[in-house]
Novice: 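Sharing a structure, written as C-alpha cells. Questions coming.
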Amino acid sequence: MPRTTQVFQSIHLMSAAHIFRESIRLVFLHPTHFHSISIFLFSPHPISLFISHFLIHQFPQMPASTIKFTHHLLGLPLPKLLGKSIVHIIVCFPSSITFSLLGRAATAQAVSDSYNRINLDRRRLLMRSVLAWIKLLHTSFCELLIVFGLLGVLVASLATLPKIFLAWGICSKILGVWGILGVLGVPFCVAFAHVMVVGNLARVLSILEGECYGFESLLKAKSLMEGRRRTALVMALLSNMGLRLVECLFEFRMSSGISLWEAPLLVSMYSLVLVFDTIMNVVFYYACKA
C-alpha cells in the first residue's frame with residue numbers, strides 16, 4: 001500500500017498540526033536531500049533578500065531614489081513607505097522566478113517520490129524540476145495578474161471615490177480616502193490572503209499533475225481546498241511568521257553589527273523555512289486529495 005494511503009486513510013480532514021507533524025517526519029526521513037535543496041536551490045533567494053536589506057542599510061537614500069525613479073517611469077506618485085518594498089522586489093525578482101521555483105519543484109517531487117516509495121535521486125529531481133519550472137512560472141504569473149487586479153481595484157477606488165464624495169459635499173478628500181481605505185481594506189486583505197493560499201496549492205498542482213498549470217491550476221486548487229481554507233491560512237501564517245522572524249533577526253544584526261559567520265546561518269535558516277513551507281503545501285495537497 002502506498003505511503004500516501006497509509007498516512008491519510010484514517011484522517012479525512014487534516015488539521016494544521018497534523019500537517020506540521022507529518023512535514024517534520026518527512027524532513028527527518030530525507031534530511032540530506034532537503035538540506036541539499038535548501039543550499040543549492042533555495043539559498044540564492046534569501047541571499048538576494050539580505051543583499052537588498054544590506055543596500056538599504058548602507059544607502060538610506062536608495063528607497064527615496066527608487067520612488068522618484070518609479071514616479072518618472074510610470075508617471076504615478078507612490079507612497080514613500082513603498083520605497084523599501086520596491087528595492088526588495090527589484091533585487092529579489094531574478095532569484096524568485098528561477099532558483100526559488102526550482103527549489104519548490106524539487107521539494108514537491110521529493111515528497112511525492114517519498115510517498116510513492118521511489119528512491120530519491122538528485123539528478124532525476126533536478127531534471128524534473130527544470131521541466132516543471134515553465135509551468136510554475138506560468139502559474140505564478142497568473143497569480144500575479146490576480147494580485148495586480150486586486151491592487152488596481154483598490155488604487156482606482158482610492159483615486160476616484162474620495163473625489164466623488166468631495167464633489168457631492170459628503171466629506172473632505174482626506175476623510176474620504178481614510179473611509180474608503182477602512183471599508184475596502186479588510187475585504188482586500190481577505191482576498192489577498194485567499195489568493196496567496198490558493199496560489200500555494202496551485203503551484204503544487206502545477207508540479208505534480210501533468211498539464212494542469214496557469215489559471216486552470218488556480219481554479220482546481222480553489223475547488224480542491226473547499227472546507228480546508230482555515231487550515232491553509234494557518235499554514236501560510238506560520239510560514240510567513242517564520243520568514244519574517246529571520247528577516248527581523250537579520251535587520252537587528254545589521255544594525256548592531258553582524259558577524260561573518262551569522263550571514264550564512266541566517267541564509268540557511270531562511271532556506272530551510274522555504275523548504276518546510278513547500279513540504280507543508282505538498283502534504284496539504286495529498287490531504288485534500290485523500
Novice: Report the C-alpha distance between L49 and F250 in whole Å, list the side-chain angles of each, state the deciding distance to 0.1 Å, and finish with yes or no for side chain to side chain contact (heavy atoms under 4.5 Å, CB included).
Specialist: CA-CA 10 Å; L49 181 63; F250 181 81; over 6 Å; no
Novice: Can you find a heavy atom in the side chain of V234 that is under 4.5 Å from one in the side chain of F20?
Specialist: no
Novice: So how far is it from E216 CD to C142 SG, rounded to the nearest 0.5 Å?
Specialist: 10.5 Å
Novice: When rounded to the nearest 0.5 angstrom, what distance separates CD1 in I37 from CG in L272?
Specialist: 11.0 Å
Novice: Hydrophobic cluster membership, with links at side-chain heavy-atom distances under 4.5 Å among I/L/V/M/F/W/Y: are V147 and L136 in one?
Specialist: yes
Novice: Closest heavy-atom contact between L274 and P46?
Specialist: CD1-CD, 4.5 Å
Novice: Can you name the closest pair of heavy atoms from A110 and L120 and give their distance?
Specialist: O-CD2, 3.5 Å
Novice: Is the side chain of S96 donor-acceptor paired with the backbone N or O of F93 at a distance under 3.5 Å, no angle test?
Specialist: yes
Novice: Should F34 and S38 be marked as a side chain to side chain contact (heavy atoms under 4.5 Å, CB included) after you check the CA-CA gap, both sets of side-chain angles, and the distance that decides it?
Specialist: CA-CA 6 Å; F34 288 126; S38 72; over 6 Å; no
Novice: Taking all non-hydrogen atoms of both residues into account, name the closest pair between N116 and S112 and its distance.
Specialist: ND2-O, 2.8 Å
Novice: So, the side chain of T107 versus the backbone of G103: is there a donor-acceptor pair under 3.5 Å, distance only?
Specialist: yes
Novice: Between P94 and T98, which heavy-atom pair has the shortest distance, and what is it?
Specialist: O-OG1, 2.6 Å
Novice: Kindly list each side-chain donor-acceptor pair under 3.5 angstrom involving residues 195-211, sequence neighbours excluded, with atom names and distances?
Specialist:
residue, atom, partner, partner atom, Å
N200, OD1, R203, NH2, 2.7
N200, ND2, M196, O, 3.4
R203, NH1, E143, OE1, 2.6
S206, OG, T139, OG1, 2.6
S206, OG, A202, O, 2.9
E209, OE1, K220, NZ, 2.4
E209, OE2, Y285, OH, 2.6
E209, OE2, K289, NZ, 3.3

Novice: Which other residues end up in the same hydrophobic cluster as F40, if Ile, Leu, Val, Met, Phe, Trp and Tyr are linked when side-chain heavy atoms come under 4.5 Å apart?
Specialist: I39
Novice: Heavy atoms, side chains only, cut-off 4.5 Å: are R122 and T32 in contact?
Specialist: yes
Novice: When Ile, Leu, Val, Met, Phe, Trp and Tyr are grouped by side-chain heavy atoms lying under 4.5 Å apart, directly or through other members, which residues fall in the same group as F252?
Specialist: none
Novice: If the condition is side chain to side chain donor-acceptor pair (under 3.5 Å), which residues does E251 pass it with, not counting sequence neighbours?
Specialist: H53
Novice: Begin with the C-alpha distance, continue with both residues' side-chain angles, and end with the deciding distance and a verdict on side chain to side chain contact (heavy atoms under 4.5 Å, CB included) for I56 and H88.
Specialist: CA-CA 9 Å; I56 291 173; H88 292 322; 3.6 Å; yes
Novice: Can you tell if the side chain of S271 reaches within under 4.5 Å of the side chain of H45, non-hydrogen atoms only?
Specialist: no
Novice: Please name the pair of heavy atoms, one in T231 and one in A16, separated by the smallest distance, quoted to 0.1 Å.
Specialist: CG2-N, 3.7 Å
Novice: Please check if the number of heavy atoms outside F54 that lie under 6.0 Å from its CZ is greater than 12.
Specialist: no
Novice: Going from OG on S23 to CG on L29, what distance comes out if it is rounded to the nearest 0.5 angstrom?
Specialist: 12.5 Å
Novice: Rounded to the nearest 0.5 Å, how far does CZ of F99 lie from CD1 of I47?
Specialist: 9.5 Å
Novice: Going by side-chain contact (heavy atoms from CB on, under 4.5 Å), name the residues that satisfy it together with S48, two or more places apart in sequence or in a different chain.
Specialist: V91, C92, S95
Novice: Are I134 and L218 co-members of a hydrophobic cluster defined by side-chain heavy atoms under 4.5 Å apart?
Specialist: yes
Novice: Take atom CZ in R244; do more than 12 heavy atoms of anything else shown fall under 6.0 Å from it?
Specialist: yes
Novice: Can you name the residues that form a side chain to side chain donor-acceptor pair (under 3.5 Å) with R229, not counting sequence neighbours?
Specialist: E226
Novice: With sequence neighbours excluded, what pairs up with H138 under the ring-ring contact (aromatic ring centres under 6.0 Å, His included) test?
Specialist: Y213
Novice: Could you pull out all residues at least two apart from V27 that satisfy side-chain contact (heavy atoms from CB on, under 4.5 Å)?
Specialist: F276, I279
Novice: Answer with yes or no whether the hydrophobic clustering places L243 together with F42; edges join I, L, V, M, F, W, Y residues whose side-chain heavy atoms lie under 4.5 Å apart.
Specialist: yes
Novice: For I146 and F215, what are the C-alpha separation, side-chain angles and deciding distance, and is it a side chain to side chain contact (heavy atoms under 4.5 Å, CB included)?
Specialist: CA-CA 10 Å; I146 297 175; F215 285 112; 4.2 Å; yes
Novice: Applying the 4.5 Å side-chain criterion to the ILVMFWY set and letting contacts propagate, would L237 and I24 be lumped into a single cluster?
Specialist: no
Novice: Is L238 reachable from M235 through a run of I, L, V, M, F, W or Y residues, each pair having side-chain heavy atoms under 4.5 Å apart?
Specialist: no
Novice: Taking all heavy atoms of L102 and all of S129, pick out the closest pair and write down the distance.
Specialist: CD2-O, 3.7 Å
Novice: Holding to side-chain contact (heavy atoms from CB on, under 4.5 Å), I want the full list of residues that pass it with L137, two or more places apart in sequence or in another chain.
Specialist: I97, L101, W133
Novice: Hey, can you tell me if Y286 and Y115 have their rings parallel, tilted or perpendicular (30° and 60° cut-offs)?
Specialist: perpendicular
Novice: Could you tell me the separation between the NZ atom of K135 and the SG atom of C212, rounded to the nearest 0.5 Å?
Specialist: 8.5 Å
Novice: Which residues pass the side chain to side chain donor-acceptor pair (under 3.5 Å) test with K222, sequence neighbours left out?
Specialist: none
Novice: Who else is in the cluster with V190 when I, L, V, M, F, W and Y are joined by side-chain contacts under 4.5 Å?
Specialist: V186
Novice: What pairs of residues pass the salt bridge (charged side-chain N to carboxylate O under 4.0 Å, His left out) test when at least one of them lies in residues 98-116, not counting sequence neighbours?
Specialist: R104-D277, D113-R124, D113-R128
Novice: Is there a side-chain hydrogen bond (donor to acceptor under 3.5 Å, both in side chains) between S36 and H33? Walk through the geometry before answering.
Specialist: CA-CA 5 Å; S36 298; H33 289 84; over 6 Å; no
Novice: In terms of heavy-atom contacts, does NE2 of H35 have more than 12 from other residues, nucleotides or ligands at under 6.0 Å?
Specialist: no
